[in-house]
Structures are given as C-alpha cells and as structure tokens.
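All values below were derived from every heavy atom in this structure, side-chain atoms included, with hydrogens, water molecules and symmetry-related copies excluded.
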Amino acid sequence: MKKFAIKGLAALAAVVALCMFFSGTIKTISTAKVKIVTAKSGKLEEKLSFEGTLVFPNTEEIGVSGLSAGQSVTVRRVRVAKGRRVKAGDVLLEGEVEGLEAKLDELTKTCEDAQKELLELERKNGEMRLKRTEELWIEAYDALSEAKSAQLAAQTALVVAARMAGVELDGGRLPEGVADAELLACQQAADDAAAAAEQAQKSFTSANRLGISEDVVTVITKTRELEAKIGDAQAQIAELTVLRERARAVVAPHDGTIVEVSVKAGDSIGEQTVAVVMSADKSRGVLRAQTESTDRRIEKGTQVEAGSDGGKTVTKKVTDTGVTEEGKPYVDIELSDKDITNLGGAASLMSTPVKVTVSYRASSSTTLLPVSAVRGTGEQRYVYVVSDTQNALGEQTLKVTKQDVKVLAEVGGTASLETDLSRQRIAYMEDRPIEDGSEVMLYAK
C-alpha cells in the first residue's frame, strides 16, 4: 500500500510539472513580445536644408555726379558687370555729356565778348577819376541794396514761419498775444532788418543830395554788369569742364562688389539715373537663405555649411535673421572675400543658389523617443508605459499603461515630446496588437 502511494505522488508531481510546462508555453505563445526603450531628456538636433544666394544688405547707388536738371550723359562703354570686384578708382563706365561742347563754345564766346566790351569801356573812360562824393554815393548805394535784400529775406522767413504755425499776420506783423519763441525770433529779425534798411535809405538819401554824374553811374553799372557776366560764364565753364571729366570716366568711390548694372552703351543718363549699384564701403556680402519651409526658430550663431554638392564648402555661423518685404523669414551668413571665391565667385553666387545646411539644435530639452514608440495621429498621440506588476500566482510580470503625449517635432527616427517621461520605460515594436492594461514580455534574447 505504501509503495502504491509513493507511485501516486510521483505521478501527481509529473502531471503538475507537465501542467506548469504547458502553462508557461501557452503564456509565452499568448503574451505580446515587445522591445523596451527608456525615455531620455535632450535637445532635438536635425539638419535643415535651404538654398542661399549672395546679397549685399548695404549698397551705394552710382550715377554721374554734378548733372543738373535738363542735362544728360550718353553712355559710351560699360566696363563692369554684376558680381565683379572693383577697387577704388576703377572705371565703371564711360560717357559723354550731351551738347556739352556746344555749350562750352557758347560760354567761351560770351566770356570773350564781355571781356572785349569791358576793355573798350575802360579805354573810353580811362581818364575818369571818382570824386569823394561819388565814392560815398557808390558806398551808400551798395549798402542800401544789401539792406533791402536782407529785409526781404527776413520778412519772407517770418511769413513762412507764421503760415507753418497757422498764425495770420496783421499788416505784415505777428498779432498780439503770440508767445511762440521761434515766431518771436523771426519777428525780431524782420524788425532789425527793416531798421537797418531804413538807416541805409537815410544814408543813401544824404549821399544822393551831393549829386553824381550820370556818366559815372553808367560806367559803374556797366562795369559791374560785364564783370558779373564774365564771372558767371567762367564759373559755368569750370563746372561743365569738371562734369565732362566725370562723365568720361565714372569711377568706383571705394573697394566693393558690383551688385547691379542698369545701363548699357547708348543709354542716356539723367540727373536721377542710377547707373550702377555697388556694395557700400567696407561692407560684406551675406549668403541669404529663406527659411519659410520650416517652423524651426534658427538663432544667430547656429552652425551652417554652405556650398554645392561635390564642390567646395565653407563652414560658417548665422550672423543675422530677418523677414523680407513679402513677410518671408530668412537667415544671413556673412561671407569673406575668400569665402565668396571658394564658393564660385560673386557673379555665380548672385545668380545661382547654393545649398545651405543648418545644424539645428533645439534651445530647450524635451523627452526624446524613437518615432515608432509614439502612436496615434494628429493631436491624438500616446505611448505605452511599462511597469512591473505581480499576477495572481505571485509571478513578476510586465504591464503597459496608455499615456497621452504631445509631440513637438519628428526628425528622422526621433520624436520630441513636450510630456516629461524622464527615465520611464516605453514599449514598442510589439509582435501583436496591445492595449491599455495588456501584459507583455520582452523578446527572447
């Protein structure tokens, strides 16, 4: 009987062992296998690609200086092109002032004729000697003329100031009660000028009583007229001669790069015409890349690599950011002359965009996970957080809990989450569907 009991216990133990074996096997077969990743905190990094062209934020417009209204210059030759580097004094274009030679001939003849007439006047009146009374008359006449001109200018200034201030003059004077300091100063200047003119008039009246020969008046008036005509003609000749030389060779005022050439041979340049635009003195060009294709905020100092595929590249940093007139954001990368040369030259960079790769790094740390560990679409995103638990048999098991998250960005295979999941274990890459509360196990190694 005892022997039979022992055999029964052995059989029972075998059955239990067999049940446990099959139970484990069934559990292994029925439980979802997953991979587990531990969430970490870090700054999202990615490579952003744009296209950039060379621009010069600070430029200078070049024309023919010294032209007045109605004057024009015909372009004979343009000696620069867009993108060319020039030195101070290099000739940008050559031109010719239209009608200048004829005008110079006319002025020269006017000057010569007046000079001859003045010499003839001096010849005929060479024996004329001014009396002291006539000298006093001339001095008084000149003083009165200057005083009258000053009075007119002061009164005009008062009228303009009063109208700008909305004050109506009364008999050419400010009305009572005006307290504006500027208007009162203008009134005082007008009064002083009127008093000076009145005194000059008295002096002239006194000198005029002494009498003066009409011949003397005629000679003095004519002499002054001829001298003024000669002086005016000579001034115009000098001005036109300078203009002719400027037009013959319009030169670069300083070192720089030609940004735009808006004229060609045969064109006519007027007073307001911009013939050439060049970079401002001591300014540098920038590689400007529009960044509207990304919502990333690229800060100054961000590292950038610029250049064509398979060609030379330069590694620089973002030096400025801004928005175009059309509202499109951009970044600027300042380039040295050597950088521009290495990238193919200014002409090429201004017409053909080059690749600009920005090494973006988020300014703040977030939770980083593999994209495959984040589920859902749109705003409905979630993850399965893994926790240790114990089943009814006292066995240690793994269980997943659904947790909603907010995804800030996805770059390559990495997702950036606003939700803080630091050091929590996240289940992903399961071999079958799982849900909130599912029991899972790791893939066998």
Side-chain angles (χ1 to χ4, degrees), residues 27-28 30-50 289-305 315 317-318 320-323 329-331 356-445:
K27 179 180 178 181
T28 301
S30 62
T31 303
K33 314 300 187 301
V34 298
K35 286 187 176 182
I36 294 179
V37 61
T38 301
K40 63 179 182 179
S41 179
K43 295 182 179 180
L44 185 67
E45 297 182 5
E46 63 179 306
K47 298 290 187 181
L48 304 175
S49 294
F50 309 104
Q290 293 190 2
T291 58
E292 69 272 17
S293 61
T294 181
D295 58 359
R296 305 286 186 268
R297 183 177 179 182
I298 303 172
E299 305 285 353
K300 293 181 182 178
T302 302
Q303 186 167 299
V304 175
E305 186 177 88
T315 300
K317 290 185 177 181
V318 172
D320 200 6
T321 63
V323 179
Y330 66 80
V331 296
V356 175
T357 302
V358 177
S359 299
Y360 172 78
R361 190 167 188 256
S363 58
S364 59
S365 295
T366 59
T367 298
L368 302 180
L369 283 175
V371 170
S372 56
V374 183
R375 305 153 194 275
T377 59
E379 296 296 322
Q380 307 300 317
R381 308 298 293 275
Y382 61 95
V383 296
Y384 283 124
V385 178
V386 178
S387 60
D388 294 313
T389 186
Q390 196 174 54
N391 63 14
L393 298 176
E395 297 174 326
Q396 292 294 323
T397 60
L398 300 177
K399 183 180 178 181
V400 296
T401 303
K402 182 179 178 180
Q403 180 170 337
D404 293 331
V405 296
K406 182 176 181 179
V407 178
L408 299 175
E410 293 182 5
V411 176
T414 303
S416 170
L417 310 183
E418 182 181 82
T419 311
D420 185 9
L421 298 174
S422 298
R423 298 183 180 180
Q424 295 197 54
R425 295 175 297 167
I426 308 300
Y428 73 119
M429 300 290 287
E430 61 274 9
D431 65 350
R432 69 196 66 186
I434 59 176
E435 59 185 20
D436 188 24
S438 293
E439 185 177 324
V440 298
M441 60 190 306
L442 292 173
Y443 283 103
K445 294 185 179 179

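Remark: Thr366 OG1 to Lys406 NZ distance equals 12.5 Å, nearest 0.5 Å. Taken to the nearest 0.5 Å, the CD atom of Glu439 stands 9.5 Å off from the NZ atom of Lys399. For the atom pair CD of Glu45 and CG of Leu368, the computed distance is 9.5 Å after rounding to the nearest 0.5 Å. A distance of 13.5 Å separates CZ in Arg375 from OG1 in Thr377, rounded to the nearest 0.5 Å. Between Met441 atom CE and Asp431 atom CG the span is 10.0 Å, to the nearest 0.5 Å. Taking CG of Leu398 as the start and OG1 of Thr389 as the end, the distance is 9.5 Å to the nearest 0.5 Å.
A heavy-atom distance below 4.5 Å is found between the side chains of Ser359 and Lys47. Using a 4.5 Å heavy-atom threshold, the side chains of Tyr382 and Asp436 count as separate. A heavy-atom distance below 4.5 Å is found between the side chains of Lys35 and Tyr443. A heavy-atom distance below 4.5 Å is not found between the side chains of Ile298 and Thr321. Considering only heavy atoms from C-beta on, Val440 stays 4.5 Å or farther from Glu430 through its side chain. Looking at heavy atoms from C-beta onward, Arg425 lies out of side-chain contact with Val34 at the 4.5 angstrom threshold.
Side chain of Ser41 to backbone of Ser422: no donor-acceptor contact under 3.5 angstrom is found. Of the possible donor and acceptor atoms, none in the side chain of Tyr428 sits under 3.5 Å from a partner among the backbone N and O of Leu369.
Using a 4.0 Å cut-off between charged side-chain N and carboxylate O, Arg297 and Glu299 make a salt bridge.
Of all the heavy atoms in Val371 and Ala415, the pair that sits closest is CG2-N, 3.8 Å.
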Q) Does the pair Arg432 and Lys33 meet the rule for a side chain to side chain contact (heavy atoms under 4.5 Å, CB included), with working shown? A) CA-CA 8 Å; Arg432 69 196 66 186; Lys33 314 300 187 301; 4.1 Å; yes

**Q.** Test side chain to side chain contact (heavy atoms under 4.5 Å, CB included) applied to Thr419 and Gln403, step by step
**A.** CA-CA 10 Å; Thr419 311; Gln403 180 170 337; 3.8 Å; yes

